[in-house]
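Single-structure report; data block below.
Every number for a ligand or one of its atoms is a count from 1 in the order of the listing. The structure displayed is predicted, hence computed values, not measured ones. Sequence positions, counted from 1, serve as the residue numbers for this chain.
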Amino acid sequence: MNACIRSIVKTCLHDGIVPFGIYDGYRGMIEGRGKEMKYSDVDNIIQYGGTILGSARCKEFIQKEGRKKAIDFLRSKNVDGLIVIGGDGTFTGATILGEEMNLPIIGIPGTIDNDIYGTDYTIGFDTAVNTVIDAVDKIRDTASSHHRVFFVEVMGRDAGFIALHAAVASGAESVLIPEEVTDINKLVHDIRNQNKGRRSTIILVAEGDDQGHALDILNKVKPHLPEYDLRHSVLGHIQRGGSPTAQDRILATRMGNYAVQFLVEGRSHLALGVHGDQLITCPIALAIKEHASPNVTYLRLIESLRTK
Ligand code: F6P
């Protein structure tokens, strides 16, 4: 997100527009916390994860009285266009606000989960996947040394994008995602088959899997695999930080620049996206309404690389 904030601020300054950053999302808007941004505020931030402006979940913004405070604040600062970075909740908030105060809004998809409709990739996803790959490579070393089966849990409360992409890229033997029903008997069978003559087995588990978290799944297969040494590891919030990958930096920089251009052109209520190498847009209402699903052919890809 820092790469995106940097791009928005620098594009505005380049084009003679005054960029105003709001701290902690809608909470800062309600509490009247923000500042006019200068080049010096965004120099040397492209390499850092997270956001210099901060982020917050804000229940008060759901209420009209809360939004009234936000509107008063934006008006007092003569804000005449709003760019938000986030997911469905962020986009919904911006849409309501945009309608209530007749303010042009643009949504930039930012979540590690990649589960936003209207884009192939969201800001943060590639970095998270690379963090998972790095962790799985390390777990593979110990799993192989000790002849173990590892259940590695990754984020993705509603979506299996991180698990699926990281599974292909790390050479995991199996992957369990919320979009597919997990069959414990099949998993037991696959683990037995996979483990024949091999030193380790890695199963990536998206935290939103229908059979539960990695430890729940380990406990479900354990009685059927008494001869195996099973372990689990939850990667957790390391997936949401760290220096962003080149792909994320480029995507964020392009989207930030594009968002400013759109506001200048008088366009509004759009969610930005990327398809192939092209930046695209979709109505923000559609991005909120529709659900993004991972490419399940990746599952078949993983299966087709398995031992028979
Ligand atoms: O951003 C979505 C997400 O990454 C989910 O995959 C995960 O369940 C959640 O965030 C964790 O959120 P929190 O930091 O509030 O525990």
Margin query: Under 4.0 Å, heavy-atom basis, I'd like to know which part of Q239 is in contact with ligand 1: side chain, backbone, both or neither.
Written below: neither
Notebook entry, point to check: Does a side chain donor of either T245 or N130 reach within less than 3.5 Å of an acceptor in the other side chain?
Noted result: no
Notebook entry, point to check: Can any side-chain N or O of E290 pair as donor or acceptor with the backbone N or O of G118 at less than 3.5 Å?
Noted result: no
Note to self: Can you tell whether the side chains of R249 and D126 come within less than 4.0 Å, N to carboxylate O?
What the structure shows: no
Item checked: Atoms of ligand 1, numbered as shown, that sit under 4.0 Å from any heavy atom of H237 -> 13 (P), 14 (O), 16 (O)
Item checked: Note: D115-R157 ion pair, threshold 4.0 Å (strictly below) -> no
Notebook entry, point to check: Of the protein's non-hydrogen atoms, which lies at the shortest distance from atom 15 (O) of ligand 1, and what is that distance?
Noted result: R57 NH1, 2.8 Å
Next item on the list: Look at K186 together with D190 and state whether they make a salt bridge at an N to O cut-off of under 4.0 Å.
Entry: yes
Check: Which residue holds the protein heavy atom closest to atom 2 (C) of ligand 1, what is that atom called, and what is the gap in Å?
Finding: D113 OD2, 2.8 Å
Next item on the list: Please say whether G156 places an N or O atom under 3.5 Å from an N or O atom belonging to ligand 1.
Entry: yes
Check: Just going by heavy-atom distances, which of R157, R240, E207, M155 is nearest to atom 12 (O) of ligand 1?
Finding: R240
Notebook entry, point to check: Between I112 and ligand 1, which residue portion shows a heavy-atom distance shorter than 4.0 Å: side chain, backbone, both, or neither?
Noted result: side chain
Check: Ion pair present between E99 and R67, side-chain N to carboxylate O less than 4.0 angstrom?
Finding: no
